[in-house]
Each structure stands twice: as structure tokens, then as C-alpha cells.
Amino acid sequence: TSLVWDGEKVASLPDISVQMFSPATWQQLCARRTLEAHAELARLYIAIRAAARREGIAIPNYEDEILAELRAAVSFDPNDATARLDLVKVYQDRAEARPELRLNYLILSAQELSGALQLMPQSKEIANKLANIYYESATIASQTGDPAGALVYLKKAEQVPGAEAGQWVE
């Protein structure tokens with residue numbers, strides 16, 4: 001069923017879906033939205049997505065909501081390293097899913113990893129991951145005809161504090 005106002009020209013109607021959640025999950029969603037608990041809401045969306053995939057249930061794509069909530073969490077609390085690392089995972093998933101935008105999502109990942117590394121300077125894992133992302137960015141820049149950009153990313157990879165020397169060279 002569709003409602004069309006007189007004079008409105010609709011090329012196509014959007015998909016409509018009904019989402020059913022258990023009462024406990026619905027309460028969690030409502031509570032996190034009300035409290036503006038952005039990181040927790042993003043993690044709940046991630047958990048819902050994972051549970052639906054395990055059960056083979058088709059659900060709407062929550063990627064935009066997850067991204068928006070994690071970005072809001074980092075804006076609200078720039079010292080939340082966990083939210084930054086969750087955001088890195090989202091950006092890396094998007095980089096894998098959209099090869100034509102891979103470099104852009106890698107750079108966004110690098111920004112968040114850099115912020116996380118400032119919060120956790122002792123983390124070799126974060127430092128090495130950041131250096132790897134810069135190295136991969138350099139490779140992509142080189143392959144797409146941007147040697148100057150490639151050199152900038154290589155220099156950044158080399159300058160990541162705490163990264164193991166040569167760890168990022170494959």
C-alpha cells in the first residue's frame with residue numbers, strides 16, 4: 001500500500017521493512033539512544049548484525065548508523081581509544097568493500113589510529129597497524145600514478161613512533 005499526495009510524482013517507492021527485536025534488545029536500543037551512549041549503541045548494532053548473520057536472518061544495513069554513532073562517540077570523547085579502534089575496523093571494512101575508495105578509507109583509518117596511538121603510546125600493535133596502513137596507502141598512491149603521495153605516506157610509515165623497524169615492509 002502506498003500513499004501519494006495529489007500532484008506528487010514518485011519515480012519509485014523506497015523499500016520498507018519491519019524490524020522485530022526481543023524486548024530486552026529493544027530496551028537496550030532505546031536506553032542507549034536516550035542516553036546518547038554513542039559507542040555502546042554502535043556496539044549494539046554490531047552485535048545485532050553479527051547475531052543476524054549467524055542465524056541467517058536478513059536485516060537492514062546498519063553500517064551508516066554504526067559509523068555515525070562511532071564518529072559521534074569520538075567527537076564527544078576524543079580520549080575514547082576503544083571507540084577510535086572500533087571506528088578503524090568500520091573504515092577498514094569499508095575499504096575492503098569499496099576498492100575504488102580504499103585509499104580514502106585507509107587515510108581515515110590512519111587518522112583514528114594516530115589518535116589511538118597518542119592515547120596508548122606503548123601499544124606496538126597500534127603503532128605497527130598504523131605504519132602498515134601508511135605503507136599500504138603508499139602502495140596504492142604509487143599504483144594510481146601519485147608518486148609524490150606515495151613518498152609522503154612512506155615517510156609517515158617510517159615516522160610512526162613505536163613501530164617496529166621494517167615491520168611494515170612486505
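Residue Leu108 is not grouped with residue Tyr135 when hydrophobic side chains (ILVMFWY) are merged at heavy-atom distances under 4.5 angstrom, including chains of intermediate members. One hydrophobic cluster, built from ILVMFWY side chains closer than 4.5 Å, cannot hold both Tyr134 and Leu151; they sit in different ones. With hydrophobic clusters built from ILVMFWY side chains whose heavy atoms lie under 4.5 angstrom apart, Ile57 shares a cluster with Ile48. Under a hydrophobic clustering in which Ile, Leu, Val, Met, Phe, Trp and Tyr are joined whenever their side-chain heavy atoms come within less than 4.5 Å, directly or via other members, Leu130 and Ile140 fall into the same cluster. Cluster membership for Leu70 and Ile107, using ILVMFWY side-chain heavy atoms within less than 4.5 angstrom, is not shared.
Residue Phe76 places its CZ atom among 12 or fewer non-hydrogen atoms of other residues, nucleotides or ligands, all under 6.0 Å distant. Other residues, nucleotides and ligands contribute at most 12 non-hydrogen atoms within 6.0 Å of the CD atom of Glu55. More than 12 heavy atoms of other shown residues, nucleotides or ligands fall within 6.0 angstrom of atom CD in Glu65.
Looking at every heavy atom in both residues, Ile133 comes nearest to Ala110 through CG2-CB, 3.9 Å. The minimum heavy-atom distance linking Ala141 with Ala150 is given by the pair CB-N, 3.6 Å. Between Ser137 and Leu106, the shortest heavy-atom distance links the atoms OG-CB, 3.7 Å. The shortest non-hydrogen separation linking Ala83 to Ala39 is CB-CB, 4.3 Å.
Taking CD1 of Ile66 as the reference point, atom CG of Leu87 lies at 11.0 Å (rounded to 0.5 Å). Here the straight-line distance linking atom OH of Tyr91 with atom CG of Asp86 works out to 12.5 Å at 0.5 Å rounding. Between the CD atom in Glu69 and the CZ atom in Arg33 there is a gap of 8.0 Å [rounded to 0.5 Å]. Interatomic distance, Lys89 NZ to Arg94 CZ, rounded to the nearest 0.5 Å: 13.0 Å. Taking CG of Asp93 as the start and CD of Glu96 as the end, the distance is 8.0 Å to the nearest 0.5 Å. Here the CZ atom belonging to Arg54 is positioned 11.5 Å from the CZ atom belonging to Arg49, to the nearest 0.5 angstrom.
Within the 4.5 Å cutoff, the side chain of Leu113 has no heavy atoms near those of the Leu117 side chain. Looking at Asp80 and Val74, their side chains never come closer than 4.5 Å, going by heavy atoms from C-beta outward. A 4.5 Å side-chain heavy-atom check between Tyr153 and Leu103 finds at least one atom pair inside the cut-off. In this structure the side chain of Ile126 reaches within 4.5 angstrom of the side chain of Leu85, judged on heavy atoms. Contact annotation: the side chain of Leu29 approaches that of Tyr45 to within less than 4.5 Å [non-hydrogen atoms, C-beta and beyond].
Panel note: side chain Arg102, backbone Ala95; a donor-acceptor pair is recorded below 3.5 Å. Side-chain N or O atoms of Asn132 include one that pairs as donor or acceptor with a backbone N or O of Asn128 at under 3.5 Å. Side chain of Lys124 to backbone of Ala163: no donor-acceptor contact under 3.5 angstrom is found. Panel note: side chain Ser123, backbone Met120; no donor-acceptor pair is recorded below 3.5 Å. Not a single donor-acceptor pair under 3.5 Å links the side chain of Ser142 to the backbone N or O of Ala138.
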Stepwise side chain to side chain contact (heavy atoms under 4.5 Å, CB included) check, Gln92 with Tyr105
CA-CA 7 Å; Gln92 289 180 323; Tyr105 284 118; over 6 Å; no
Pair Val90-Arg71, side chain to side chain contact (heavy atoms under 4.5 Å, CB included): steps then yes or no:
CA-CA 11 Å; Val90 170; Arg71 289 182 68 186; over 6 Å; no
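Between the side chains of Ser22 and Thr25, at least one donor N or O lies within less than 3.5 Å of an accepting N or O.
Under the side-chain hydrogen bond (donor to acceptor under 3.5 Å, both in side chains) criterion, Glu40 pairs with no residue at all, not counting sequence neighbours.
The side-chain hydrogen bond (donor to acceptor under 3.5 Å, both in side chains) contacts involving residues 109-119 comprise Arg84-Glu112, where partners must be two or more places apart or lie in separate chains.
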